[in-house]
Protein chains: 2
Amino acid sequence: MTSQAADGPDTVAASRRSKITPEREREFFDAVLEQIRECGYDSVTMEGVAASTRCSKSTLYRQWKTKPQFVAAALRANRRVRFAGIDTGSLAGDLRRAALAAGDWSGKDTRLLQALGHAVTADQELARALREALVDPEIAALEEMLARGVARGEVRAGHPALEYIPAMMFGVLRVRPVLSGQYADSDYLVRFVEAAVLPALGLT
Amino acid sequence: MTSQAADGPDTVAASRRSKITPEREREFFDAVLEQIRECGYDSVTMEGVAASTRCSKSTLYRQWKTKPQFVAAALRANRRVRFAGIDTGSLAGDLRRAALAAGDWSGKDTRLLQALGHAVTADQELARALREALVDPEIAALEEMLARGVARGEVRAGHPALEYIPAMMFGVLRVRPVLSGQYADSDYLVRFVEAAVLPALGLT
DNA sequence: GTGTACCGATACGCTTGAGTACCGGTACAC
DNA sequence: GTGTACCGGTACTCAAGCGTATCGGTACAC
């Protein structure tokens, strides 16, 4: 692959030519996100990221002006929909599949959200990046599932439980570690869907 | 009130006599918790707490060896069961009342949990204090409600949704700000109980 | 080959905050 | 009254981390 491939916005500024390949950039992003998960946002240091990727602090500061901007870029680059493309034909099936998929990412995503939890209230850009990367796409995907279920007539439009489903799914995901000390795995989430989410929607 | 009233454990060490009254101590604790809610654990400074309570850093360090120990003491002193003593005679009634009560504390408690979210993984004592203050008592109270409901025959023992109720309640509480930008108030929580929790339990 | 300019390394300035030391003032004990 | 010792204030040491500056090495362009 050529060296000038795929410079999107949010990555290296297109105007100045950098020798940082997209792969190298991803190493930086992966490193900083991993350190955030492990030590928390405040405890992550640019020096630590530089050391763990065997680059120099200068290199990082050449690409991103400040630490929050760097982290925000890493978050945005990490954006991806964990349960995109799920469409089993039934709402119950979709929700089960979503639970399954969510379980795979649960630990990493939850730790990241937890670690950024408060940093986000101080920096607007960070907050936006976090929502774009880890929250909004999932919510949108979930709501699409629900909308399809309504369209198919599985749940009547305006069912009171509908508006709470995303909060339930996300909520259980996030508080499991607080309550029981372990992250929500796929098995736990699928059982949750069957024991609570589907009954709440009247889908047995 | 006499000046030597009520020195529990977890407050000023009983062995050395301090002129800090319990009321004064509570001022310190309230101040540090409030600053944590506003700025996050890492950004809270002993100097800031001292300034806001018009005492000196020395005074704080005389009573508590380090910042985490100080915060842990504040948390433990703040322990109280938000929905203790609820017993309406029916599980549905209890859950509605719990939702009502939880809504009153939602903002403060959620911000505190959020702000301490990651500090807790670094300091065991802090983690224990947080659980003792904000998590365990609530869970216990909820489980007691559920147990009473089972004993009364409103829900059959072993109902699959039972084990998820605490996670649902706490989860929705905590993620509301992330999803919608506002804290879960009593109204939101009561409607959640009626739209999702009770149906999940088969209580209409 | 020659030059440009980017990379990595190191060293530095600067700020912030934890925790300590010291010093007068004063409240309470007796 | 006298003394003890605790409070509040200030000044300090020390460590850490952000962000900057500088400098050789080197890859790539031409």
Side-chain angles (χ1 to χ4, degrees), chain A residues 1-5 7 11-28 31-32 35-36 38-74 119 122-123 125-126, chain B residues 1-5 7 11-28 31-32 35-36 38-74 119 122-123 125-126:
Chain A
M1 66 191 60
T2 69
S3 61
Q4 56 201 17
D7 274 42
T11 63
V12 170
S15 61
R16 89 187 283 177
R17 80 171 190 239
S18 163
K19 289 177 183 165
I20 310 275
T21 65
E23 292 75 24
R24 184 77 170 127
E25 199 183 51
R26 171 141 293 279
E27 280 182 53
F28 297 154
V32 71
Q35 290 198 14
I36 288 174
E38 276 175 15
C39 317
Y41 176 81
D42 286 317
S43 300
V44 164
T45 68
M46 297 297 263
E47 209 148 355
V49 175
S52 78
T53 54
R54 295 176 316 281
C55 80
S56 86
K57 251 198 321 178
S58 325
T59 303
L60 298 179
Y61 278 108
R62 262 180 225 120
Q63 312 295 332
W64 302 278
K65 294 292 171 214
T66 65
K67 170 175 157 179
Q69 282 178 31
F70 175 42
V71 173
D123 188 302
E125 191 188 346
L126 216 49
Chain B
M1 62 191 68
T2 68
S3 61
Q4 57 202 18
D7 275 42
T11 64
V12 171
S15 62
R16 90 188 281 176
R17 78 173 193 238
S18 162
K19 288 176 184 166
I20 309 273
T21 65
E23 292 75 24
R24 186 73 170 129
E25 199 183 50
R26 171 143 292 280
E27 280 182 53
F28 296 153
V32 70
Q35 290 198 15
I36 288 173
E38 276 175 16
C39 317
Y41 176 81
D42 285 317
S43 300
V44 164
T45 67
M46 297 297 263
E47 207 147 356
V49 174
S52 77
T53 52
R54 296 177 315 283
C55 80
S56 87
K57 254 201 313 180
S58 324
T59 303
L60 297 179
Y61 278 109
R62 261 179 226 122
Q63 312 295 332
W64 302 279
K65 294 295 171 211
T66 67
K67 172 175 155 180
Q69 282 178 31
F70 175 43
V71 173
D123 189 302
E125 190 188 347
L126 216 50

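What you see below is based on every heavy atom in this structure, not just the backbone, and it leaves out hydrogens, waters and symmetry mates. By convention in this document, chain letters (A, B, ...) are assigned in the order of the sequence lines, proteins followed by strands, and residues within each chain are numbered from 1. These numbers were taken from a predicted model, which means no experiment stands behind them.
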Quiz item: Expressed in angstrom and rounded to an integer, what is the separation of A:Glu25 atom CD from C:dC6 atom P?
Solution: 15 Å

Quiz item: Where do B:Ala119 and B:Leu126 come nearest, in terms of heavy atoms and distance?
Solution: CB-CD2, 4.3 Å

Quiz prompt | Pair of N/O donor and acceptor under 3.5 Å linking D:dG8 base with B:Arg62 side chain | solution = yes

Exercise. In whole angstrom, give the distance that lies between atom CZ of B:Phe70 and atom P of C:dG19.
Key: 12 Å

Quiz item: Taking side chain as C-beta onward, heavy atoms only, is B:Arg26 less than 4.5 Å from B:Pro22?
Solution: no

Self-check item: Spacing of CE belonging to B:Met46 relative to CZ belonging to B:Phe70, to within rounding of 0.5 Å
Solution: 5.5 Å

Quiz item: Looking at residues at least two apart in the chain, or sitting in another chain, which of them share a side-chain contact (heavy atoms from CB on, under 4.5 Å) with A:Gln35?
Solution: A:Val44, A:Val49, A:Ser52

Quiz prompt | Side-chain N,O (B:Gln63) to OP1/OP2 (D:dC7) below 4.0 Å | solution = yes

Quiz item: Looking at D:dT20, D:dG17, C:dA18, which one has an atom nearest to any side-chain atom of A:Tyr61?
Solution: D:dT20

Quiz item: Taking CE from A:Met46 and P from C:dC14, how many angstroms apart are they, rounded to a whole number?
Solution: 21 Å

Practice problem: Scan residues 48-60 of chain B against DNA chain C and write down, sorted by residue number, each residue with any heavy atom closer than 4.0 Å; if none is found, say none. | Solution: B:Lys57, B:Ser58

Self-check item: Pairing residues for B:Arg24 by the side-chain contact (heavy atoms from CB on, under 4.5 Å) criterion, not counting sequence neighbours
Solution: B:Ile20, B:Thr21, B:Glu27, B:Phe28, B:Thr53, B:Cys55

Quiz item: When rounded to the nearest 0.5 angstrom, what distance separates CG in A:Asp42 from CD1 in A:Ile36?
Solution: 10.0 Å

Quiz prompt | Under the 3.5 Å Watson-Crick or G-U criterion, the dot-bracket string of DNA chain D, with | for inter-strand pairs | solution = ||||||||||||||||||||||||||||||

Self-check item: First encountered from the 5' end of DNA chain C, between B:Ser43 and A:Phe28
Solution: A:Phe28

Quiz item: Rounded to the Å, how far apart are B:Asp42 CG and D:dG17 P?
Solution: 11 Å

Exercise. Check the distance between D:dA15's C1' and A:Glu47's CD and give it to me in whole angstrom.
Key: 13 Å

Quiz item: Looking at A:Arg24, does any N or O in its side chain come under 4.0 Å of the phosphate oxygens OP1/OP2 on C:dC6?
Solution: no

Quiz prompt | Set of side-chain contact (heavy atoms from CB on, under 4.5 Å) partners for A:Ala74, sequence neighbours left out | solution = A:Phe29, A:Val32, A:Leu33

Quiz item: So what does B:Lys19 touch, heavy atoms closer than 4.0 Å: a base, only the sugar-phosphate, or nothing?
Solution: base

Quiz item: Mind checking whether B:Thr59 and B:Ser56 have side chains closer than 4.5 Å, heavy atoms only?
Solution: yes

Quiz prompt | Listed partners of A:Glu38 passing side-chain contact (heavy atoms from CB on, under 4.5 Å), at least two apart | solution = A:Glu34

Quiz item: Separation of B:Trp64 atom CH2 from C:dA18 atom P, in whole Å?
Solution: 15 Å

